[in-house]
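Basis for what follows: all heavy atoms, side chains included, without hydrogens, waters or symmetry-related copies. Heads up: numbering here begins at 1 and tracks the sequence.
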Amino acid sequence: QVQLVESGGGLVQPGGSLRLSCAASGTAFKISDMSWYHQAPGKERELVARITSGSSTNYAGSVKGRFAISRDNDNDMVYLQMNSLKHEETADYYCQLAYRHSLTGKDVEVWGEGTRVTVYA
């Protein structure tokens, strides 16, 4: 079964940088779209960045130019490089794997448990 484990969160000053990692187990990684979401207290979970199975990327407008998502298909890893962090980006960050099952046609989503990012001086 597919599992995701995030790491790399922590306390960082405004303007600082952090690199989040997500390790995937199972066999579906290479055919999956991988995404990072964040969720601040009392807010809905929001998409931050996505990288498709074909390595196309898209970003939330608020992070475009500052964040970069990447993947390593040899090691089933996805990363989120976050630069020039802002206080309002304090949140729990979640890794998501998504693919469509070839036999059932159902969309499959797998979520990690999250890693906390705190941006504070």
Side-chain angles (χ1 to χ4, degrees):
Q1 55 184 356
V2 178
Q3 294 184 91
L4 304 175
V5 180
E6 302 100 331
S7 62
L11 177 65
V12 63
Q13 292 186 347
S17 296
L18 215 56
R19 191 193 194 202
L20 306 182
S21 299
C22 175
S25 64
T27 60
F29 181 84
K30 293 176 178 62
I31 64 168
S32 299
D33 295 346
M34 301 297 299
S35 300
W36 287 98
Y37 288 73
H38 70 207
Q39 186 169 23
K43 304 280 285 185
E44 293 186 352
R45 193 170 298 185
E46 294 182 326
L47 177 67
V48 177
R50 174 169 291 146
I51 183 165
T52 68
S53 60
S55 295
S56 297
T57 60
N58 64 282
Y59 299 89
S62 60
V63 309
K64 192 173 180 64
R66 296 187 296 116
F67 290 12
I69 189 170
S70 60
R71 66 192 296 157
D72 180 355
N73 286 342
D74 291 334
N75 295 289
D76 291 359
M77 297 285 293
V78 63
Y79 306 95
L80 184 66
Q81 178 67 46
M82 304 186 293
N83 298 324
S84 302
L85 280 159
K86 302 175 180 179
H87 175 70
E88 55 264 39
E89 289 160 347
T90 293
D92 291 331
Y93 284 73
Y94 298 89
C95 181
Q96 183 217 50
L97 176 151
Y99 69 95
R100 181 163 293 164
H101 197 277
S102 60
L103 292 179
T104 66
K106 291 184 176 181
D107 292 331
V108 178
E109 293 184 359
V110 181
W111 294 86
E113 292 186 344
T115 185
R116 182 159 293 177
V117 172
T118 303
V119 185
Y120 203 79

With sequence neighbours left out, what residues match [X] under side chain to side chain donor-acceptor pair (under 3.5 Å)?
X   : result
S17 : N83
R66 : E89
R71 : N73

E44 CD: over 12 foreign heavy atoms closer than 6.0 Å
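Incorrect, the count does not exceed 12.
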
Can [Y] be reached from [X] by stepping across I, L, V, M, F, W or Y side chains whose heavy atoms are under 4.5 Å apart?
X   : Y    : answer
L4  : V108 : yes
V2  : V78  : yes
L20 : V119 : yes
Y94 : Y99  : no

Suppose the criterion is disulfide (SG to SG under 2.5 Å): which pairs have a residue in residues 19-121, not counting sequence neighbours?
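Non-adjacent pairs meeting disulfide (SG to SG under 2.5 Å): C22-C95.
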
[X]: partners by salt bridge (Lys or Arg N to Asp or Glu O under 4.0 Å), with sequence neighbours left out:
X    : answer
D33  : none
D107 : R100
K30  : D76
R45  : none

What ring-ring contact (aromatic ring centres under 6.0 Å, His included) pairs are there with at least one residue in residues 28-61, not counting sequence neighbours?
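Non-adjacent pairs meeting ring-ring contact (aromatic ring centres under 6.0 Å, His included): Y37-W111, H38-Y93.
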
Suppose the criterion is ring-ring contact (aromatic ring centres under 6.0 Å, His included): which pairs have a residue in residues 67-91, not counting sequence neighbours?
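For residues 67-91: H87-Y120.
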
What's the shortest heavy-atom distance between L18 and G10, and which atoms?
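Closest approach of L18 to G10: CD2-N, 3.9 Å.
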
Looking only at heavy atoms, what is the nearest atom pair of A40 and A91, with distance?
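Scanning both residues, the minimum pair turns out to be N-CB, 3.8 Å.
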
Would you give the length of the straight line joining atom [atom1] of [X] to atom [atom2] of [Y], rounded to the nearest 0.5 angstrom?
X   : Y   : atom1 : atom2 : answer
S56 : R50 : OG    : CZ    : 12.0 Å
Q96 : L47 : CD    : CG    : 8.0 Å
I69 : M82 : CD1   : CE    : 11.5 Å
K86 : S62 : NZ    : OG    : 7.0 Å
L97 : S25 : CG    : OG    : 9.5 Å

I'd like to check S70 versus Q81 (side-chain heavy atoms, cut-off strictly below 4.5 Å). Are they in contact?
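Side-chain contact under 4.5 Å: no.
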
Where the side chain of E6 meets the backbone of G114, is there a donor-acceptor pair that is under 3.5 Å apart?
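Yes: the side chain of E6 pairs with the backbone of G114.
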
Summary of salt bridge (Lys or Arg N to Asp or Glu O under 4.0 Å) pairs that have at least one residue in residues 109-121, sequence neighbours excluded
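Applying salt bridge (Lys or Arg N to Asp or Glu O under 4.0 Å) to every pair that reaches into residues 109-121, excluding sequence neighbours, yields D92-R116.
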
Residue pairs involving residues 12-26 (criterion salt bridge (Lys or Arg N to Asp or Glu O under 4.0 Å); sequence neighbours excluded):
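Output for this query is empty, none listed.
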
